[in-house]
Engineer: 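Got a structure for you, questions after.
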Amino acid sequence: MIVAEQKSLEEIKSLVGNAEKVLVVGCGTCVTVCFAGGAREAAIVSASLRMSSKLDGNPKEVTDVTVQRQCEWEYLDEIAAQVEAVDVVLSLGCGIGVQAIAEHFPNTWVVPGLNTTFLGLPTEQGTWVERCAACGDCLLGLTGGICPIARCSKSLLNGPCGGSIDGHCEIDDEIPCGWQLIYDRLNSKGKLDMLMDIQPPKNWSTSRDGGPRKIVREDLRLNEKEESGS
Amino acid sequence: MTETINGNGYLSGSNLERILKAGHFAVTAELGPPQSADGNVIRHKAGLLKGYCDAVNLTDNQTAIVRMSSIGAGTILVQEGLEPVIQMVCRDRNRLAMQSDLLGAHAMGIRNLLCLSGDHQVFGNHPGAKNVYDIDSIQMVKMVSDMRDKHIFQCGEEMKGQQPCLFVGAAESPFAHPIDFRPYRLAKKVKAGANFIQTQLVYDINAFNDFMKKVRELGIHKDTYILAGVGPLKSPGMANYMKANVPGILIPDEIIERMKEAGAPWAGKSKDELTPDDKKARAEAWKEMGIRICIELVKELRQIEGVAGVHIMAIEWEEAIKPIVEGAGLYPRPVVPLPAPQTA
C-alpha cells in the first residue's frame, strides 16, 4: 500500500491560510489502512482546524467528507458540489489524491494534509516499513524476494557494502541490512551461487529517471466506436 | 590477468602496477584532501610522503564531507612528481559523470583508480543531499576495465581515440558482515576486473590469516594484488572508538593494552592534574607505540602468502608514514622503470 503520515497542524494551518470555507477530504483506501487520512482522521483534522481557528479569533467553516478513492474520477464526481462550495480543499489523500483533485476540479485550490512516504506494509501494529521503490523492472527473482533497491540504503546490486554490523545498516541501527537479509534467505534456500553472477548496471529508465511514467493497455482501452457510443 | 594494451606489457603503466608486477612488496599511503581550495595543503602533505610510498591514495569526499576533489588533488600530486591513486565513490556521480571524470583524470596523468561504494551521505556534512548510486562499485570496476581493455563506454559504444588506462582497484572489508560472504564478494570484484585490492584496516592478524586462507583456497590472490590496510593508532581512545564503532574493524585487546601501557606514566591523574606538557608527552608516547605496533603489523602481513603490499592509512597524520616505512624495512622504495613503448 501507499503509506503516508499527517503533516503537523501548524503546517496544515499555514497551507489553508485565510480561507474561510474548508473541505477536508479523506480517502478510503491506502491512507485509511495506515491511519493517516481516512474518515476518522478527516473528522479529527476537521475538528482541530475548527477549534484552532476559533481560538485564533478567526473561525473557519470546516467540513469533511471521505471518498472511496481520491485517485479515480468517478469517486471524485460524488463530491463535486461540496468541493465547489469551499475556498480550499485539504486533501488527506496521498500525493496522487491531491493531484487528482487539482486536475478534476481546476477551479479549486487544493492543499495536501499528508506527506506521502513510501510503498510498504505494516510489520506490526503501528509500524510501517518500505518495501518497494517502484523501479519498473522488478529484480526480486534474483534476490529471494527481498528488494535491494528499496531495502539497501545504497541500492547496491552486487552484494553488501562493508558497513553493516550484526545485520543492521550502517546508517541506522533500526534498519535491517537489505543484503544481510538477501544473503540469509539465499543461504537458507541453498541458492548462494545466485549471488556470484555480476549484475550489470541497472536500466533506470523504467524508474523515475526515465521521466514521468505511463502505462497504456490497448487490451483494456475502449475503442473509439465504443467510446463515442457510450 | 587481463591482456595488456599498451604494447609495453602494462595495463596502465602506473608505478604501482610496475612495482607489483615486478614482485616487490608495495607501499601506498593515504592523503586526505582539504576542506578548502588550498592546493598547498596537498603540496605540503606530498612532501611528507615523497619517496616513502609507491602511490598516494586520495579520498573522494571521505565520510561524505565535501573536500577538494580527488582528481584535482591527484593532478597536483602528478605535478609534484608523486603518483596518485584517485578514489571514486558511487554516491556522488552517475555513470556519465564517472566516465567523463575518468577521461579527464587520464588526460591529467592519473593512472590508478580505487572504486568504492562510498559512505552514505547521512554521515557527512550534507545529510539532506540526494545520493546517486546509479551503479555500484563492482559495476564501476567493470565499466572502467572495459573502457581500458575494450575501448567502450558503459553503454557499449566504441570509444574513438585514447582510452583511459587506469590500474583499477577495489576495496574489501574482510571482517564486515555477513563475514562468510566476504571472500566471495572479493572474488566477484576480481572477476569484474579489479587489478588490486585495498583492505579495511587490519589489526587482528589471526583473523586476517583466516580470511587470507579462504582467499588462497579460492585462488583470488593469483588474479589480483591484495594490499592489506594498516594504520597507526594515535591513542587507546581511538582504538576503543574504532573497535566499538567502525564496521569491520577488529582490534585485539592486547593491542589496546599496549596502547594504554604507553600512557601508563600519566595514568591515574585527572584531566586537571595533567599539565599541557604532560598531555603532549603522553600523546607522543601513544603515537610512538602506535607506530611501533603498525610496523610490527606490516612485518607480519608481509609474511602472509597472497599479501602483495600494504596500504597505510595515517589519517591526518602523514608524518607517520616515514617512520613506519623505514621501521618496516621498506625504505628506500624500489624503482621499476617503464619500458619505452613499442612502435608498430
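Below, chain A is the first sequence line, B the second, and so on; all start at residue 1. The shown structure was predicted, so the numbers you read here are calculated from the model rather than taken from an experiment.
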Engineer: Heavy atoms under 4.5 Å from chain A: which residues of residues 90-103 of chain B carry them?
Structural biologist: B:Arg95
Engineer: Could you list which of residues 165-180 of chain A have a heavy atom closer than 4.5 Å to any heavy atom of chain B, in residue-number order?
Structural biologist: A:Ile165, A:Asp166, A:Gly167, A:Glu170, A:Ile171, A:Gln180
Engineer: In terms of heavy-atom contacts, does CG of A:Asn18 have more than 12 from other residues, nucleotides or ligands at under 6.0 Å?
Structural biologist: no
Engineer: Can you establish whether the number of heavy atoms outside A:Glu218 located under 6.0 Å from its atom CD is more than 12?
Structural biologist: yes
Engineer: Quick check: are there more than 12 heavy atoms from other residues, nucleotides or ligands sitting under 6.0 Å from CZ of B:Phe123?
Structural biologist: yes
Engineer: Within a 6.0 Å radius of atom CD on B:Glu316, are there more than 12 heavy atoms belonging to other residues, nucleotides or ligands?
Structural biologist: yes
Engineer: Hey, is the main chain of A:Asn158 close enough, under 3.5 Å, to the side chain of B:Asp136 for a donor-acceptor pair?
Structural biologist: yes
Engineer: Counting only heavy atoms not in A:Trp204 (residues, nucleotides, ligands), do more than 12 fall under 6.0 Å from its CH2?
Structural biologist: yes
Engineer: With only heavy atoms counted, which part of A:Lys154 is less than 4.5 Å from chain B, the side chain, the backbone, both or neither?
Structural biologist: both
Engineer: Looking at every heavy atom in both A:Pro201 and B:Ile135, which two are closest together, and how far apart are they?
Structural biologist: CB-CG2, 3.7 Å
Engineer: Which answer fits A:Leu192, side chain, backbone, both or neither, if we ask what part of it has an atom under 4.5 Å from a heavy atom of chain B?
Structural biologist: neither
Engineer: Among B:Lys142, B:Lys191, B:Glu172, single out the residue with the greatest number of heavy-atom pairs under 4.5 Å to chain A.
Structural biologist: B:Lys191
Engineer: Can you tell me how far CG of B:Asn131 sits from OG of A:Ser155, rounded to the nearest 0.5 angstrom?
Structural biologist: 7.0 Å
Engineer: Non-hydrogen contacts under 4.5 angstrom with chain A: give the residues of residues 114-122 of chain B involved, or none if there are none.
Structural biologist: B:Ser117, B:Gly118, B:Asp119, B:His120, B:Val122
Engineer: In terms of heavy-atom proximity below 4.5 Å to chain A, should B:Gln154 be classed as side chain, backbone, both, or neither?
Structural biologist: side chain
Engineer: Looking only at non-hydrogen atoms, find the nearest pair between B:Gln139 and A:Lys202 and report the distance.
Structural biologist: NE2-N, 4.4 Å
Engineer: Any idea which of A:Cys161, A:Pro200, A:Pro160, A:Gly162 has the most non-hydrogen atom pairs under 4.5 angstrom with chain B?
Structural biologist: A:Pro160
Engineer: Can you tell me if CZ on A:Arg213 sees more than 12 non-hydrogen neighbours from other groups inside 6.0 Å?
Structural biologist: yes
Engineer: Atom OH of A:Tyr183 and atom CD1 of B:Ile179: how far apart are they, to the nearest 0.5 Å?
Structural biologist: 10.5 Å
Engineer: Please list, in residue-number order, every residue in residues 180-189 of chain B that has a heavy atom less than 4.5 Å from any heavy atom of chain A; write 'none' if there are none.
Structural biologist: B:Asp180, B:Phe181, B:Arg182, B:Tyr184, B:Arg185, B:Ala187, B:Lys188
